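Here the structure is a predicted model, which is why all the values come from computation and not from measurement. Here is how names work: the chains are called A, B, and so on, in the same order as the sequence lines, proteins then strands, and each is numbered from 1.
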Amino acid sequence: MDRFDKKIVVGMSGGVDSAVSAYILKQKGYDVVGVFMRNWEETDDEGICTADEDYKYVRNVCDQIGIPYYTVNFSKEYWNRVFEYFLEELRLGRTPNPDVMCNKEIKFKAFLEFALKLDASYLATGHYARIGDDGDKKLLLRGVDDNKDQTYFLYNLGQNELAKTMFPIGDLPKSEVRKIAAEAKLASAKRKDSTGICFIGERDFNKFISNYLPAQSGNILDIKTGKKVGEHSGLMYYTIGQRKGLGIGGNSTKSEPWFVAKKDIEKNILYAVQGEDDVLYSTSCDVSNLSFVAGQAPTEVFDCTVRLRHRQKDRGCTVHVEDGKAHVDFHDRQRAVTPGQSAVFYIGEVCLGGGVVEKAE
RNA sequence: UGGGGUGUCGCCAAGCGGUAAGGCACUGGACUUUGACUCCAGCAUUCGAAGGUUCGAAUCCUUCCACCCCAG
């Protein structure tokens with residue numbers, strides 16, 4: 001019962017969110033241990049090892065808070081379970097979400113196991129998400145700060161994980177987190193929010209993946225006419241709905257921008273369309289690798305909302321679950337539904353779970 | 001070789017004697033724990049070239065150059 005008996009491992013990234021998470025738990029009287037994960041050994045484009053920089057902040061913050069800290073290295077696991085998957089999806093011409101996989105395989109699997117081995121009662125992270133109760137079931141709830149909600153990345157968590165997890169800042173708006181950090185004078189209080197692939201950081205995406213995958217240039221065809229309108233430098237550099245990077249200039253007919261409409265990985269052809277055309281929109285999609293927070297789908301058929309890309313607004317849909325897969329009918333057509341991205345289901349504040357888009361129609 | 005047409009930013013494209021619109025592309029930034037989407041900003045001292053007329057020209061004149069079309 002005594003909080004002092006409860007040991008909690010906090011995953012520290014070097015940013016404000018995890019720092020404040022640790023700070024809050026410490027304030028509440030828990031036995032807090034900060035652990036920094038080192039999962040990517042390479043330096044960034046400028047030759048800077050971002051992990052070193054991050055760890056410096058972790059050390060400073062932990063000293064300020066007065067908690068012990070450790071570092072653990074899951075580079076091998078990250079490479080094998082996340083990065084290999086990431087590359088394979090790109091080879092297939094899909095658009096993977098490595099951070100979804102990172103949460104599933106690293107943070108809430110390898111890292112969680114590590115924390116429990118340290119005799120921790122819980123693993124805490126700085127995610128903007130909440131854990132609720134529904135009788136004997138745990139619920140994954142959106143963070144109260146709608147703008148920062150990160151449940152999209154966490155839908156693979158199940159009952160076992162949630163029972164051992166805490167999200168200390170999930171019920172706070174970002175502004176409040178910043179304020180707490182500032183008042184506690186935490187070293188990372190004013191650090192810019194990190195973006196980019198978790199653990200890898202902000203990169204020139206094309207340049208980055210060109211280090212791992214061979215690029216094969218080819219033609220860009222107008223999906224409407226089949227005529228060549230440009231050249232691409234490699235299909236993996238493009239995602240459905242993308243505008244930037246096509247390099248297709250004006251012509252005499254229209255003055256609208258071009259968007260990626262489709263990829264033909266067999267023929268190495270990128271199809272583009274000019275303007276917000278119907279071909280960019282889908283009315284349904286197939287989803288595989290389903291994972292439900294409750295352990296199973298609510299029913300075989302259910303209505304909910306679905307988010308198809310991070311920070312995209314979720315929209316109404318009807319889900320048919322069968323043989324571990326789902327067919328999702330959108331109530332309104334959706335733009336740029338992309339294979340490899342996750343479809344995450346919600347009912348109000350509750351994140352039900354989700355899966356990976358296989359095909360959009 | 002005759003006849004006609006066109007040459008304005010990487011690509012389209014306004015302008016028609018008064019001191020270079022706009023769109024696309026591109027670049028930078030904002031947003032963002034996935035590559036986007038979106039938003040904001042920047043982007044031709046110069047109008048195929050050289051002369052000339054004029055207070056003043058991309059806009060008028062002359063010559064030249066390039067490309068296109070129709071004849072042959």
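- For residues 87-144 of chain A, the set of pairs meeting the ring-ring contact (aromatic ring centres under 6.0 Å, His included) definition, not counting sequence neighbours, comprises A/F108-A/H127, A/H127-A/F167.
- Under the Watson-Crick or G-U wobble criterion, with both distances below 3.5 Å, B/U27 is paired with B/A41.
- Distance check, rounded to the nearest 0.5 Å: CD of A/E361 to OG of A/S284 gives 4.0 Å.
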Q. Reading nucleotides 34-44 of chain B from the 5' end, what letters show protein touch, with B for base, S for backbone sugar-phosphate only, - for no heavy atom under 4.0 Å?
A. BBBSS------

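- Contact annotation: side chain of A/K107 to base of B/U33, donor-acceptor pair present below 3.5 Å.
- Across every strand in view, B/C64 sits in a pair with B/G48 that passes the Watson-Crick or G-U test at under 3.5 angstrom.
- If you check B/A71 for Watson-Crick or wobble pairing at under 3.5 angstrom, you find it paired to B/U1.
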Tabulated below should be each protein N or O lying under 3.5 Å from an N or O of nucleotides 7-10 of chain B; please produce it.
none

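- Among residues two or more places apart in sequence or in another chain, the salt bridge (charged side-chain N to carboxylate O under 4.0 Å, His left out) test is passed with A/E349 by A/R130.
- Less than 6.0 angstrom separates the ring centroid of A/Y212 from the ring centroid of A/F83.
- Ring centroids of A/Y237 and A/H232 are separated by 6.0 Å or more, keeping the two rings apart.
- Judged by the 6.0 Å and 45° rule, A/R142 forms a cation-pi pair with A/Y346.
- A/Y271 carries A/K262 over the face of its six-membered ring, with the cationic atom under 6.0 Å from the centre and within 45° of the normal.
- Of the residues A/R178, A/K174, A/K148, the one that meets the side chain to side chain donor-acceptor pair (under 3.5 Å) test with A/D17 is A/K174.
- RNA chain B is contacted by no residue of residues 346-361 of chain A, taking any non-hydrogen atom closer than 4.0 Å.
- Side-chain polar atoms of A/Q341 and A/T95 form no donor-acceptor pair below 3.5 angstrom.
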Enumerate donor-acceptor pairs with a distance under 3.5 Å from any side-chain N or O in residues 55-65 of chain A to protein atoms, sequence neighbours excluded.
residue, atom, partner, partner atom, Å
A/N60, ND2, A/K56, O, 3.4
A/Q64, OE1, A/A187, N, 2.8
A/Q64, NE2, A/K185, O, 2.7

